Structure formats: C-alpha cells, structure tokens
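Because the structure is predicted, anything quoted here is derived from the model rather than measured. Every chain is numbered from 1, with letters handed out A, B, ... down the list of sequences.
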Amino acid sequence: MRFYNTLTRRLEEFREIEKGNVGLYTCGPTVYDYPHIGNYRSYVFEDLVKRVFLHSGYRVRHVMNITDIDDKTIRKANELGMPLAEVTQKYIDAFHADLRALNVLPADVYPRATEHIPEMLKLIAVLLEKGFAYVRDGSVYFSIERFKEYGRLANLDRASLKAGASAAVDADEYEKEAVQDFVLWKGRKPGEPSWPAPFGEGRPGWHIECSAMSMKYLGPHFDIHMGGVDNIFPHHENEIAQSEAANGQAFVNYWLHCQHLVIDNKKMSKSLGNFYTLGDLLGRGCDPMAVRYLLLSTHYRKLLNFTLEGLEMAGQALARVKNFVFSLKNVEAEGEADPELAAVIRASLAAFSASLADDFNVSGALGVMFDLIHEVNARLNALTRADAAAVLAWVERLNAVLGVLGEADAGPLEAEIEARIALRQQARLEKNFARADEIRAELKKQGIVLIDTPGGVKWKKE
RNA sequence: GGCGGCGUAGCCAAGUGGUAAGGCAGCGCUCUGCAAAAGCGCUAUUCAUCGGUUCAAAUCCGGUCGCCGCCUCCA
C-alpha cells in the first residue's frame with residue numbers, strides 16, 4: 001500500500017511500526033457549532049483510509065480528539081448563556097449522529113481536551129524543562145527558534161515565516177518573544193474557564209491537546225496522522241514541534257491531508273449562504289449515502305466541487321448498484337457455481353484493492369466495481385443462485401470499504417405489500433389497468449417500487 | 001514576496017511516456033398493457049493554450065492564459 005506523505009511530499013510505501021497494527025490519529029471537531037459538509041469530507045475520507053487498512057487485514061487503533069475548550073466554544077457558551085460543558089455536549093451528540101448517518105466507523109477513543117488537562121500540563125512542563133518553552137505573564141509559549149526542524153511539514157522556512165505576509169497575523173494580546181511562537185498555555189482571563197497550573201491558572205492552547213492526547217493513546221511515535229489541509233500549518237507543524245521536542249524522537253511517520261471542498265465553485269462562507277450542514281441536506285430529502293458517495297468519489301488530494309446536481313448524480317450511481325443487488329437477490333435458477341465467473345470476481349476484487357492501495361484511488365476502484373456490474377448484468381439470465389451468492393459476497397466485500405450501501409430502512413410490512421401486489425395482479429388480469437396503476441402509485445408513495453418481469457412481480461424499496 | 005495545487009466529453013471523474021476507465025445525463029433498439037428495471041449499440045482523433053524533447057506526450061521540459069490554497073488557531 002502506498003500513499004502521499006505530506007511530510008516528504010512523495011508517494012511512499014506504507015510500513016507499519018508494529019507488524020499488523022496501525023496507529024491512527026485524526027483531528028476531530030471543535031464543538032462550537034454543527035459541522036458543515038466540508039468537515040465531513042475529511043471525516044469520510046479518514047473513514048475510508050481506516051476501512052482500507054481493515055480490508056487489508058490490519059488492526060487499526062483510531063483516536064479522534066474532541067476540542068471542547070478554545071476561543072470559539074467559550075464564545076458560544078457566553079452567547080447562549082449556557083455552561084460550556086452543556087454547549088459542547090450538544091454539539092458532540094450532533095456530531096456523532098452525523099457520523100452514524102454517514103456510516104462512519106466509530107473511533108476507538110474520542111478523548112476530550114477538558115479531560116486531559118493533566119497530560120497537557122505534564123507535556124508543557126517537559127518542554128519548559130528542556131528549554132523549548134518559556135513563560136510570559138502567566139502564559140507559556142513554544143519557541144520555534146529552538147526547534148530546528150520547524151517548518152518541515154509545511155515546507156516553510158523561518159525567513160519566509162518572518163516575512164509574515166498573512167493578514168491574519170494578529171497583534172496578539174499575549175506577550176511573546178517572537179511573533180511566530182505559539183501558545184501552549186493561556187494565562188487566565190476574566191470570564192473564561194481555567195485550571196490551576198504551576199505557571200499560573202489558565203487554559204490549554206489548541207495544539208498541545210493533540211500532542212498530549214495522541215501520545216497518551218498511541219504512544220510517542222505512531223503511524224498515521226490525518227486532517228484537513230488547513231491543519232498542515234500551523235496545527236500539525238506545531239504538534240510535531242511540541243511532540244518531538246518533548247520526546248526527543250520522531251512523532252508520526254505518515255501525514256495525510258484531505259483537500260477542501262467548495263460549493264458551486266465558491267469557497268464556503270456564511271455571508272454567501274452556501275453553507276450546508278448534513279442536517280440541511282437531509283432536510284432537503286437527500287440520501288446520506290449519496291452524500292457519502294459524492295464526498296468519496298473525488299480523489300482526496302483534489303478540490304471537490306460540491307453541488308446539488310452532483311449529489312443527484314451520486315444518488316443515481318448508487319441506485320445502479322442497488323438495482324444490481326436487487327437483481328442478484330432475485331436470481332432463482334438452481335445449479336452449480338460457474339468457475340469462470342468466480343475467476344472474474346477474484347480478478348475484480350484484486351483490481352479494486354490494488355486501486356485503493358495506490359494512494360486511495362477511489363475513482364479507479366469505482367470503475368472496477370461498475371465494470372463487474374456491467375459484466376454480470378450481461379449474463380444475468382445465465383446465473384445460478386450459487387453464482388448470485390458469490391457476486392453478492394463480492395458486493396459485500398467492496399461495501400465493507402466503501403460503506404455506501406446503508407441498511408434498508410423499515411417500511412410497510414412485507415405481507416401487506418404482497419397482498420397489494422396480488423390485488424394489482426388481479427386487476428391486470430381483468431385489464432383494469434387504471435386500478436392496477438393506482439395500486440402501483442400508492443405503493444410508490446410508500447417507497448415501494450414494482451417491477452414486472454416474466455417470472456412475476458418483484459418489488460423493492462426505493 | 002515565499003511555498004504549493006488545479007485546468008480531461010453536456011456534467012462528475014480516473015489515467016502521469018505506448019495511442020482516452022467509470023458514473024450521470026442523452027439517443028436508438030429489445031422487453032412491457034403502460035411504466036420501471038435490465039440488456040445491446042451509439043455519444044472526446046482528443047486532454048486550457050503555444051512551443052520543445054521522443055519512434056511515441058493528456059502524461060516529460062519551457063513559456064502563456066485562467067482558477068485556487070497556505071505563509072499562526074479555518075476540515
């Protein structure tokens with residue numbers, strides 16, 4: 001398996017630290033609002049990576065942090081006049097509900113920043129002791145000057161950092177030795193939650209939580225760290241600095257970053273109103289599996305242009321797969337399994353895996369999937385039940401990685417549907433097509449689609 | 001100013017030196033009471049553009065045009 005490592009800016013063959021195991025850390029949400037569809041592109045991609053490893057036989061230990069203490073969560077709590085913990089819990093619950101809807105496998109641990117203050121304090125203490133950090137007015141800063149590797153991940157050198165062309169460089173309210181230094185611990189300010197610390201009461205900076213929590217759950221040196229491209233600098237750069245400075249060893253072997261998503265070719269922004277949460281889309285009647293399919297179908301290192309039209313197309317593509325599964329389930333011929341078909345299936349599975357193993361080429365993998373669907377469709381009439389079962393097993397195998405075929409939701413009872421179909425058949429025999437169509441339309445309203453075949457009437461859920 | 005990315009059919013999107021995958025949409029035919037589904041066939045002499053290297057370029061090199069990201073808390 002090979003993929004692009006941001007750290008080296010090259011495609012690299014994956015080599016795990018501990019045979020058969022993958023330690024995976026993914027930057028989770030800051031829980032001050034509902035995540036938008038762009039956030040979910042990253043989480044769905046991370047889920048794909050994890051599933052590809054699982055598919056390849058690795059055991060994966062996945063940690064995703066929850067940032068429940070920072071400027072934004074504090075501001076939100078103040079705005080709503082609610083306790084911080086109550087506000088963050090609300091968004092944490094919403095986040096997990098969205099992940100379930102998108103069929104994202106849960107992480108093994110979701111550590112919260114507020115529950116790991118001691119670990120962070122310990123890490124800061126080490127950095128102070130080793131001389132990488134300094135205290136100013138009750139705050140603690142990391143001195144990038146003292147970490148010679150600083151800028152390696154983002155491919156920035158100190159000179160260009162000094163140029164500081166970004167408009168976002170704020171005249172920080174805290175005193176630092178150098179503007180580029182970042183805060184590890186923020187001295188207490190009125191109206192903000194704070195924790196006692198040897199260097200003065202305060203709260204943690206953003207970056208330190210990921211270092212402290214990843215170390216705690218994955219050790220000082222682990223395999224893969226992921227996030228959105230915007231995290232490369234400064235967040236991940238700072239994590240590397242903190243962790244390697246403290247531990248005196250390599251932190252993470254592979255850094256993977258998911259490109260952003262734009263909506264109608266424009267950057268998402270609240271002022272443009274082109275902001276979708278998953279809830280917005282589901283409210284429009286969109287299928288969360290179509291959302292997942294769409295988010296997945298563009299290579300992760302390319303900008304994805306999200307449009308409602310694209311979502312529609314994704315839904316149609318998915319319908320093709322579902323129809324295929326439906327056809328297979330209705331195969332009734334008895335007989336032996338065709339060895340030639342079995343070989344075709346094996347080759348297809350190998351090609352599918354190979355495509356994903358090549359820097360997570362989902363488009364290529366989907367192409368492989370549709371090729372086989374086409375091929376099997378062409379010989380559908382010649383299939384036996386044993387053949388169909390083999391193809392269905394193939395679908396299941398692919399879906400274990402793609403995760404785009406959700407379970408069918410509960411609908412009207414089968415017996416009831418069968419009864420309605422019998423009534424319609426009676427009407428058809430009597431050439432009462434108006435009545436027959438009426439029944440078909442009623443069932444359609446309940447999400448049941450009828451298909452007349454030479455072998456009788458079949459039905460399926462939409 | 002520094003670093004980096006992208007431009008492939010009506011739309012989405014692979015392919016990165018050997019002669020354009022796949023999906024959606026569309027068209028024709030088969031099947032059908034009508035639908036739906038499915039099948040078969042068709043749909044890019046061409047990969048933003050100009051030039052170069054090569055037996056061979058969407059793929060490599062150089063220029064041009066257009067779009068975008070990062071350079072301290074945005075997935």
Side-chain angles (χ1 to χ4, degrees), chain A residues 9 26-30 35-46 67 70-72 144 151 154-157 159-170 172 176 179-183 205-207 226-235 237-238 257-262 265-269 293-294 297-299 301-305 307 309-321 323-324 326-327 330 355 361-371 373-374 377-381 428 431-434 436-437 440-441 444 449-454 458-460:
Chain A
R9 289 177 286 282
T26 60
C27 279
T30 301
H36 53 65
I37 200 67
N39 295 307
Y40 286 120
R41 182 186 189 192
S42 292
Y43 301 136
V44 166
F45 168 62
E46 289 157 1
T67 302
D70 82 320
D71 294 351
K72 285 175 298 202
I144 67 159
N155 198 22
L156 297 168
D157 58 41
S160 63
L161 279 171
K162 265 184 185 134
S166 168
V169 178
D170 54 346
D172 206 291
K176 307 189 250 189
V179 275
Q180 314 94 290
D181 291 349
F182 59 91
V183 69
W206 175 37
H207 314 297
M226 295 199 269
V229 284
D230 56 297
N231 281 150
I232 296 172
F233 195 90
H235 186 51
E237 190 71 61
N238 292 354
H257 292 97
C258 187
Q259 184 51 266
H260 280 182
L261 162 162
V262 292
N265 274 314
K266 292 197 183 78
K267 194 173 174 171
M268 268 186 287
S269 78
Y293 184 99
L294 178 59
S297 57
T298 294
H299 188 84
R301 288 194 282 123
K302 276 189 143 180
L303 207 61
L304 164 61
N305 182 23
T307 63
E309 192 198 355
L311 191 54
E312 179 71 29
M313 295 195 305
Q316 287 306 315
L318 215 44
R320 182 164 160 83
V321 182
N323 288 331
F324 178 64
F326 174 76
S327 302
N330 283 296
S355 193
N361 184 351
V362 181
S363 305
L366 289 173
V368 170
M369 176 178 81
F370 283 109
D371 280 341
I373 289 177
H374 183 258
N377 269 331
R379 55 166 96 177
L380 204 56
N381 292 331
R428 290 179 76 200
K431 303 260 184 223
N432 185 354
F433 296 122
D437 290 350
R440 184 166 65 193
K444 172 115 169 107
V449 182
L450 300 191
I451 296 153
D452 296 331
T453 74
K458 310 284 186 199
W459 63 273
K460 63 175 181 177

Closest-nucleotide ordering on RNA chain B, the 5'-leading residue of A/D181 and A/Y40: A/D181
Base-pairing assignment for B/C55 (Watson-Crick or G-U wobble, both under 3.5 Å): B/G18
A/E237 CD to B/G4 C1', straight-line distance once rounded to whole Å: 14 Å
side-chain contact (heavy atoms from CB on, under 4.5 Å) assessment of A/Q259 paired with A/L304: CA-CA 8 Å; A/Q259 184 51 266; A/L304 164 61; over 6 Å; no
Separation between NE2 of A/H207 and NE2 of A/H235, rounded to the nearest 0.5 Å: 7.0 Å
Gap in Å between the two P atoms, one belonging to B/G5 and one to B/A37, rounded: 44 Å
B/A21 and B/U16, which share atom name P, separated by this distance in whole Å: 13 Å
Separation of the C1' atoms in B/G22 and B/C3, to the nearest angstrom: 35 Å
Whole-Å gap separating P (B/G22) and CZ (A/F370): 11 Å
Contact state string [nucleotides 32-42 of chain B, B base, S sugar-phosphate only, - no protein heavy atom under 4.0 Å]: -BBBBSSSS--
Touch class at under 4.0 angstrom, heavy-atom based, for A/H260 against every strand present: base
Atom-to-atom span, CE of A/M268 to P of B/C74 - whole angstrom: 14 Å
Sugar-phosphate only, base, or nothing, as touched by A/N231 at under 4.0 Å among non-hydrogen atoms: sugar-phosphate
Atom-pair distance (CD on A/Q259; P on B/A75), nearest Å: 14 Å
Counterpart base for B/A9, defined by Watson-Crick or G-U wobble contacts under 3.5 Å: none
Pairwise C1' distance for B/G28 and B/C55, with rounding to whole Å: 42 Å
Interatomic spacing from CD in A/E237 to CG in A/N155 - rounded to 0.5 Å: 9.5 Å
Partner set under side-chain hydrogen bond (donor to acceptor under 3.5 Å, both in side chains) for A/T26, not counting sequence neighbours: A/H62
Spacing of the C1' atoms in B/C12 and B/U49 (rounded, Å): 24 Å
Base partner of B/C47, which must satisfy Watson-Crick or wobble distances under 3.5 Å: none
Protein-nucleotide distance (A/K267, atom NZ; B/C67, atom P), rounded to Å: 17 Å
Nearest-Å distance once atom C1' is located in both B/C42 and B/G4: 42 Å
A/F233 CZ - B/C74 C1' separation (whole Å): 14 Å
Value in whole Å for how far the P atom of B/G5 lies from CZ of A/R301: 10 Å
Base-pairing assignment for B/C31 (Watson-Crick or G-U wobble, both under 3.5 Å): none
Counterpart residues, ring-ring contact (aromatic ring centres under 6.0 Å, His included), relative to A/H299 (two or more places apart): none
Distance, nearest 0.5 Å, that separates CZ of A/F324 from CD1 of A/I373: 5.5 Å
B/C3 OP1/OP2 closer than 4.0 Å to side-chain N/O of A/N155: no
For A/Y293, all residues meeting side-chain hydrogen bond (donor to acceptor under 3.5 Å, both in side chains), sequence neighbours excluded: none
4.5 Å side-chain heavy-atom contact, A/R41 and A/C258: yes
Listed partners of A/T67 passing side-chain hydrogen bond (donor to acceptor under 3.5 Å, both in side chains), at least two apart: A/N65, A/E209
Minimum-distance pair of heavy atoms, taken over all atoms of A/I37 and A/M268: CG2-SD, 4.3 Å
What's touching nucleotides 8-16 of chain B from the protein side, N or O pairs under 3.5 Å?
| residue | atom | partner | partner atom | Å |
| --- | --- | --- | --- | --- |
| B/A13 | OP1 | A/T298 | OG1 | 3.4 |
| B/A13 | O2' | A/S363 | OG | 3.2 |
| B/A14 | OP1 | A/H299 | N | 2.9 |
| B/A14 | OP2 | A/K302 | NZ | 3.1 |
| B/A14 | O5' | A/S363 | OG | 3.2 |
| B/A14 | O3' | A/N361 | ND2 | 3.1 |
| B/G15 | OP1 | A/N361 | ND2 | 3.2 |

Pairwise C1' distance for B/U54 and B/C61, with rounding to whole Å: 12 Å
Backbone N/O of A/N265 and side chain of A/N305: donor-acceptor pair under 3.5 Å: yes
Watson-Crick/G-U partner (both atom distances under 3.5 Å) of B/G69: B/C3
Distance, rounded to the nearest Å, where A/H207 contributes NE2 and B/C73 contributes P: 8 Å
Nearest-Å distance once atom C1' is located in both B/A48 and B/A58: 12 Å
Base of B/A75 and ring of A/H36 stacked, centres under 5.5 Å, planes under 30°: no
